[in-house]
Amino acid sequence: MPTIGEGGNLVISTITDQISRTVEGVGDVLSAPFSDPVIRLGVTGLSRAGKTVFITSLVANLMNRDRMPQLRAASRGAIRAAYLQPQPDDTIPRFRYEDHLAALTGNDPHWPQGTRRVSELRLSLKVQPTGLLSGIQGPRTVHLDIVDYPGEWLLDLGLMDKEYAEWSVSVLDRIENRAEAAEFLALARQTDPTADLEEPQAQRLAEAFTGYLKTAREAGFSDCTPGRFLLPGDLEGSPVLTFAPLPQAQGAGRKSLWREFERRFDSYKRHVVRPFFRDHFARIDRQVVLVDVLGAIHAGPRAVEDLRHAMADILSAFRPGRNAFLSRLLNGRRVERILFAATKADHLHHTQHARLSAITEALLRDAKDRADFAGARTEAMAIAALRTTVEETIDHKGRALDVVRGRLLETGKQAALYPGELPSDPARLLNPALSGAEAWLDADYSIMRFAPAKISLAPGQGPPHIRLDKAAEFLIGDRL
Ligand SMILES: Nc1nc2c(ncn2[C@@H]2O[C@H](COP(=O)(O)OP(=O)(O)OP(=O)(O)O)[C@@H](O)[C@H]2O)c(=O)[nH]1
Ligand SMILES: [Mg+2]
């Protein structure tokens, strides 16, 4: 009887399906407590903020922990071993740890080259549990997956909730009075968006727009998106990077330049922005955002104000409630801790470090409050991933001056630096910046570029640093 047979089969297959699913479910529960915990640590910051040096020194100092007293798991001896392992993602470039470490600590120490892509490194830590379980449990392994990615890519988040037409209007409005954009704007005005697509014309527009983005960034503007136009990597010359904003076009036909740019803009969102947020950003548990606050102070009030804007934009990625695309993607997941680290603090005598942290905190206040709101724990501190200087107090015209001394990058000569005295009240820096001052009124901040010092490391010692152990304690200490 065919009907019963069919019904029977159906029932049986549903039952086996359920059984196998239940078995899988049990398997999940059984294996979960035994699989090694993973912490995914994102390291970001604008170009040249110090990401590569930070990761290199952090890893070296986790492998050789004598200089990490403020990382409690290290000082109480709970970390038994730390070693590099193959990373979990086969298609992401590996962070070139060995090359970077050799550059920083070799015979001819020098800074590593700039990086243009995402990279990843897995450091595994063997940790002996303490407390009640210490006697009965052997050491467990905690994997630290470190992901290095350009902060500029976070800026693209703002494109996700926009259509091409809306984006075009907002960009053209914003750049209308910028001298850097004059050439591109002239070309865009001459262009008939409803005319049929001609690839050379599309390329000219994209080139002019990219040219504008480059000069705008050099002039200190931070709203330079789409981010991949500046760091194209493998996508250089591809259609997904060959578009530009165009003036509103009524009745643009299917083959028109406008329609094609509209399609490429969508393609950029789908094939560039979305995969980055899905594959990298959405999986991060802990985040460090490196900020070259001293560099900006040195460059003047406009640079400080611009940095404040850029950081607010970048950090909007950490308050997903404001962005529908990101909320959907994260689905309740969030970054648990965010560290804002002012880098290169070895340019300052330690008596000024607290002031640098306070300025950093104030600079990021807007963005930080909102990130706090999303439930993440945040902290600001001044660090140097690689200390290139020593401190000295010298006599200057009868006055004791706290300076740092290091080897100058340009000449290789030793020099003492007194960078100026940071104000104890951050508002004294941030207010002139906010109100558009051209120069600091009552102070002058200088900076020198130091080369990494020649060091000989004793066994058990990582490279010298400032507060990298405190940074590590905040970022991962609770999980060790
Ligand atoms: N004195 C001092 N300088 C530093 C430190 N960290 C970084 N720098 C300087 O900042 C530059 C940039 O550092 P990187 O680590 O390459 O910066 P990055 O963020 O990886 O840069 P990109 O890969 O180009 O985005 C270095 O070449 C150094 O000149 C530090 O701890 N102390
Ligand atoms: Mg780098």
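One-based numbering, in listed order, for ligands and for the atoms of each.
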Q) In terms of atom number and element, which parts of ligand 1 are under 4.0 angstrom from non-hydrogen atoms of Thr388? A) 1 (N)
**Q.** Arg283 bridged to Asp89 by N-O distance under 4.0 Å
**A.** yes
**Q.** Student check: side-chain heavy atoms of Pro419 and His347 closer than 4.5 Å
**A.** no
Q. Gly114 heavy atoms, cut-off 4.0 Å: which ligand 1 atoms fall inside?
A. 23 (O), 24 (O)
Q: Mind telling me whether Phe281 and Phe276 have parallel, tilted or perpendicular rings, with 30° and 60° as the class edges?
A: tilted
Q. With a cut-off of 2.8 Å, does any N, O or S atom of Thr115 fall short of it relative to the Mg ion (ligand 2)?
A. yes
Q | CG-OG distance between Leu230 and Ser47, expressed to the nearest 0.5 angstrom | A | 9.5 Å
Q.
Counting non-hydrogen protein atoms only, what is the nearest one to atom 30 (C) of ligand 1? Give residue, atom name and distance.
A. Leu386 O, 3.4 Å
Q. Distance under 6.0 Å and angle within 45° of the ring axis: does Arg337 meet both against Phe474?
A. yes
Q: Specify the protein heavy atom at minimum distance from atom 29 (O) of ligand 1: its residue, its atom name, and the distance to 0.1 Å.
A: Arg449 NH2, 3.1 Å
Q: May I ask you to identify the nearest protein heavy atom to atom 8 (N) of ligand 1, giving residue, atom name and distance to one decimal place in Å?
A: Lys344 CE, 3.6 Å
Q. Phe229 vs Tyr268 aromatic rings, parallel, tilted or perpendicular, using cut-offs 30° and 60°?
A. perpendicular
Q. Out of Arg48, His298, Lys344, which one pairs with Asp292 under the side-chain hydrogen bond (donor to acceptor under 3.5 Å, both in side chains) rule?
A. Lys344
Q: Indicate yes or no: at least one non-hydrogen side-chain atom of Leu205 is less than 4.5 angstrom from one of Phe261.
A: yes
(Q) Out of Arg117, Arg48, His465, His110, who is nearest to atom 11 (C) of ligand 1 when you count heavy atoms only? (A) Arg48
Q. Ser47 near ligand 1, heavy-atom distance under 4.0 Å?
A. yes
(Q) Which residue and atom name correspond to the protein heavy atom nearest atom 13 (O) of ligand 1, and how close is it? (A) Gly50 CA, 3.6 Å
Q: Could you tell me whether some N/O pair between Phe450 and ligand 1 is separated by less than 3.5 angstrom?
A: no
Q | Nearest protein heavy atom with distance in Å, relative to atom 25 (O) of ligand 1 | A | Lys51 NZ, 2.9 Å
Q.
Less than 3.5 Å apart, any donor N or O on the side chain of Thr141 or Asp36 sitting next to an acceptor on the other?
A. no
Q) Of all the heavy atoms in Thr343, does at least one lie under 4.0 Å from an atom in ligand 1? A) no
Q. Quick check: are there more than 12 heavy atoms from other residues, nucleotides or ligands sitting under 6.0 Å from CZ of Arg72?
A. no
Q | Heavy-atom nearest option to atom 2 (C) of ligand 1, drawn from Asp346, Leu46, Thr389, Val43 | A | Asp346
Q. For Thr115, is at least one N or O under 3.5 Å away from an N or O on ligand 1?
A. yes
Q) Any N or O on Ala384 sitting closer than 3.5 Å to an N or O of ligand 1? A) no
**Q.** N or O contact, Val53 vs ligand 1, cut-off under 3.5 Å
**A.** yes
Q | Contact with ligand 1 for His347, non-hydrogen, under 4.0 angstrom | A | yes
Q. Counting from 1, what ligand 1 atoms have a heavy atom of Ala385 closer than 4.0 Å?
A. 31 (O)
Q) At a 4.0 Å threshold, what atoms of ligand 1 neighbour a non-hydrogen atom of Arg116? A) 24 (O)
Q) At what distance is the nearest protein heavy atom to atom 3 (N) of ligand 1, and which residue and atom is it? A) Trp111 CH2, 3.4 Å
Q) Once you round to the nearest 0.5 Å, how far does CG of Leu241 lie from CD of Glu236? A) 8.0 Å
(Q) Within the supplied structure, the quantity of interest is the number of heavy atoms (other residues, nucleotides, ligands) at a distance under 6.0 Å from Arg174 CZ; does it exceed 12? (A) yes
Q: Assign the ring pair His353 / His350 to parallel, tilted or perpendicular, where the plane angle (0 to 90°) is split at 30° and 60°.
A: perpendicular
Q) So, does Ala49 sit close enough to ligand 1 that a heavy atom of it is under 4.0 Å from the ligand? A) yes
Q. For atom 20 (O) of ligand 1, what is the nearest protein heavy atom, given as residue, atom name and distance?
A. Thr52 OG1, 2.8 Å
